[in-house]
Amino acid sequence: MHTEYRFIKSIHDIQPLLSSLNENSIIAIDTETTGLDPFQNRLRMIQIASLNQPVILIDLWKASYDIISSLKKIFTSSALKIFHNAKFDLKFLIKSGFIVHGPYFDTMLAAQVLSAGQKSQGFKLSDLVREELSIDLPKELQNSDWSGEFSEEQLSYAARDAQVLLEIYPCLLSKLENAHLSATAELEFECLSAVVDMELSGMLLHAEKWAKLTEELEKNQSDLAATLHQRLKEGFKRIPQLPFMDNLNSEQPPLNLDSPKQMLEALQQLGIPLKTTSHEELSQISRQFPVIQALIDYRKVTKVLQSFASTLPKYIHPVTNRIHPDYWQIGTTTGRFSCRNPNLQQIPRDQIFRECFIPSEGNLLIIGDYSQIELRVAAEISHDQRMIDAFQQNQDIHCLTASLLIGKDIGNVTKEERQAAKAVNFGLLYAMGARGLQLYAQNSYGVEMTNQQAVDFRKRFFEVYQGIASWQKELSTSRLKEIRTLNGRLRIWEDHPKMTELFNSPIQGTAADIMKQSMAMSFPYLNRNNIHLIATVHDEILLESPQEKAQEISHFLKETMIKAGKKFIQQVPIEVDIVIAKNWSEK
DNA sequence: TCAGTTCGCGCG
DNA sequence: AAAGCGCGCGAACTGA
């Protein structure tokens, strides 16, 4: 494959492209950098492809002032800008001082939207080119070095990567239209700037506080390990013929407390009836066996220690002193974000962890949280009149469920009853069984219920919320193999889906649509005011704002989040809780 | 030995 | 008839 290109030497070489730009222009942009980290590595080359023109290549390290200012004009023009994984290029462009304006078309996001959750790989540029153009791109230059002189081969590959974007774009565009996925893709593209800002901003961790916390947890862990050993030993003393006895008395670590396999074996030998050592099974018998409670306690602290406490500091960036995770816009089959390196979306809720996430000097956090968004979406989608009425009358939905289930006046519902109803609401919405409900209520909300109670609650729930019941009934008899969110986001299954997945997908997915809409809608204003998005956790947005602007910005965020919700949800009001805080634990 | 899988568990 | 869904991560475990 040969690509015509022009290596820009002077302002005259870039003039044809610049002067041909208008609001209908379409350009494809790719960049080459000296590495993957926008804070430590440098943007070297920019390639721009446009219709009926050779690809232009600009060596940023040698570009004159004139060329740079031409580039600035190109990036802020209203031309459609096509990228593959725009997030990467945009981060480098912004760190290099460029302002880049949409509209964007991201070929990677487009392909992911089109795949509708059917595959998790195969979104590399070369994959798309093979699929859309039936062309096998020659192998990428292995570890290509973009910090020295360019070879002819490097230049030609660089140009080619920009050129093919222009060629696969119409294919992807028409596929999106045919699949009625344009709105979904548009929303993803409109989100891009917000996601870029979020990754560049990252979050600030109070490192000293965190270190102290880690120390305490480590002490805690060794105490709990000792307790667990002690309890195991006590158990085996009563059954002295068991082989583990010797082990436990020796100096060597008797058995690996972290090994599910070894623990299962040991506990079974103690006569404790277990099939696995999952928390679910353990929690049921923790009262009868002190050793089980000891294992649960040990595991809890071990988990947070190895997953968070000891690993998080490794992610503090040497340049910014902040943590910059990777967000994946289509990291999940339903449309939610996923987050990695580290996954800030699963920092324990416990105050001792979250209070370590703080704003920088002179700033405050603004935390916006959609209230019961999935239940509101469910009411909207299922048209359940009782649930819709409840939300419209601003009733507490969990109290309402409690009062309806137990036939009590809504004002007399106790805290415990509300907790139980919360479990019922969230569980049964996605068709949890009675057994599951019972365990879920216990584990998530500390609510004891008998199996019979769970069966009754389940029955009552569907009598009371008939709209939910008939919506589920309709779906489960439909034999559908695909389903959409309220923004038209599609999920397709290869085989017949589990009903539970079919129920959950449009609800979780619509909530994700709303979150993305709110990010897209709020970014331009935030950006103008120099306010940064610093995280998003499914139904929650975090901003960092100078103290003196916080009031105004929090008001704006709340209104924008509600406005975003209203775009998809009309029958039910959207509620957003806003907090201005000195750390992440204040919610 | 090492890549891939499973278990268990943190979050929403 | 019965059925929680969506992730990422670390350690243990499996298989060639």
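Chain letters run A, B, ... following the sequence lines, proteins first and then strands; every chain starts at 1.
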Length of the CD-P vector between Gln438(A) and dG4(C), whole Å
12 Å
Students often get this wrong, so: under 4.0 angstrom with heavy atoms, is Arg435(A) touching a base, only sugar-phosphate, or nothing?
nothing
Calculate the interatomic distance between Leu217(A) atom CG and dG10(B) atom P; express it in whole Å.
13 Å
Measure CD/Glu540(A) against P/dG12(B) and give the value in whole Å, please.
7 Å
Just the rounded figure in Å: distance from P of dC9(B) to CG of Asp350(A).
17 Å
Rounded to the nearest angstrom, tell me the gap between atom OH in Tyr445(A) and atom P in dG12(B).
10 Å
Identity of whatever pairs with dG4(C) - Watson-Crick or G-U, under 3.5 angstrom:
none
Distance between C1' atoms of dA3(C) and dG10(B) (Å, rounded):
24 Å
What's Tyr440(A) touching, base or sugar-phosphate or nothing? Going by heavy atoms closer than 4.0 Å.
base
Under 3.5 Å, is there a donor-acceptor pair linking the side chains of Thr485(A) and Asn487(A)?
no
Just by distance, with hydrogens left out, do Glu416(A) and Tyr445(A) show a side-chain donor and acceptor under 3.5 Å apart?
no
Taking only the side-chain heavy atoms of Met499(A) (C-beta and beyond), determine which of dG4(C), dA3(C), dG8(B) contains the nearest atom.
dA3(C)
Would Phe426(A) and His398(A) count as a close aromatic pair, with their ring centres under 6.0 Å?
yes
Shorter than 3.5 Å, N or O on both sides, protein versus nucleotides 6-12 of chain C: list them out with atom names.
from    : atom 1 : to        : atom 2 : distance (Å)
dG6(C)  : OP1    : Arg491(A) : NH1    : 2.9
dG6(C)  : OP1    : Arg491(A) : NH2    : 2.7
dG6(C)  : O4'    : Gln508(A) : OE1    : 3.2
dG6(C)  : O4'    : Gln508(A) : NE2    : 3.1
dG6(C)  : O3'    : Thr333(A) : OG1    : 3.2
dG6(C)  : N3     : Arg336(A) : NH1    : 3.3
dC7(C)  : OP1    : Thr333(A) : N      : 3.1
dC7(C)  : OP1    : Thr333(A) : OG1    : 3.2
dG8(C)  : OP1    : Ser338(A) : OG     : 3.1
dG8(C)  : O4'    : Asn343(A) : ND2    : 3.1
dG8(C)  : N2     : Lys303(A) : NZ     : 3.3
dG8(C)  : N2     : Gln346(A) : OE1    : 3.4
dC9(C)  : OP1    : Asn341(A) : N      : 2.9
dC9(C)  : OP1    : Asn341(A) : OD1    : 3.4
dA12(C) : OP1    : Asn256(A) : ND2    : 2.7
dA12(C) : O3'    : Ser259(A) : OG     : 3.4

Between CH2 of Trp584(A) and C1' of dG10(B) the distance, given in whole Å, is 12 Å
Does either side chain, that of Trp584(A) or that of Glu540(A), offer a donor lying less than 3.5 Å from an acceptor on the other one?
yes
Any idea how His317(A) and His324(A) line up, ring-wise: parallel (<30°), tilted (30 to 60°), or perpendicular (>60°)?
perpendicular
Quickly work out the Gln472(A) CD to dA2(C) C1' distance and round it to whole Å.
13 Å
Base, sugar-phosphate alone, or nothing: which one does Gly433(A) contact when heavy atoms must sit under 4.0 Å apart?
sugar-phosphate
Would you indicate what Leu344(A) reaches in the nucleic acid, counting non-hydrogen atoms under 4.0 angstrom: base, sugar-phosphate, or nothing?
nothing
Over how many whole Å does the gap from Lys300(A) atom NZ to dC11(B) atom C1' extend?
11 Å
Distance-only polar pair, side chains of Gln293(A) and Asp297(A), donor-acceptor under 3.5 Å
yes
In terms of side-chain heavy atoms, does Arg418(A) have a donor or acceptor partner in Thr401(A) at a distance below 3.5 Å?
no
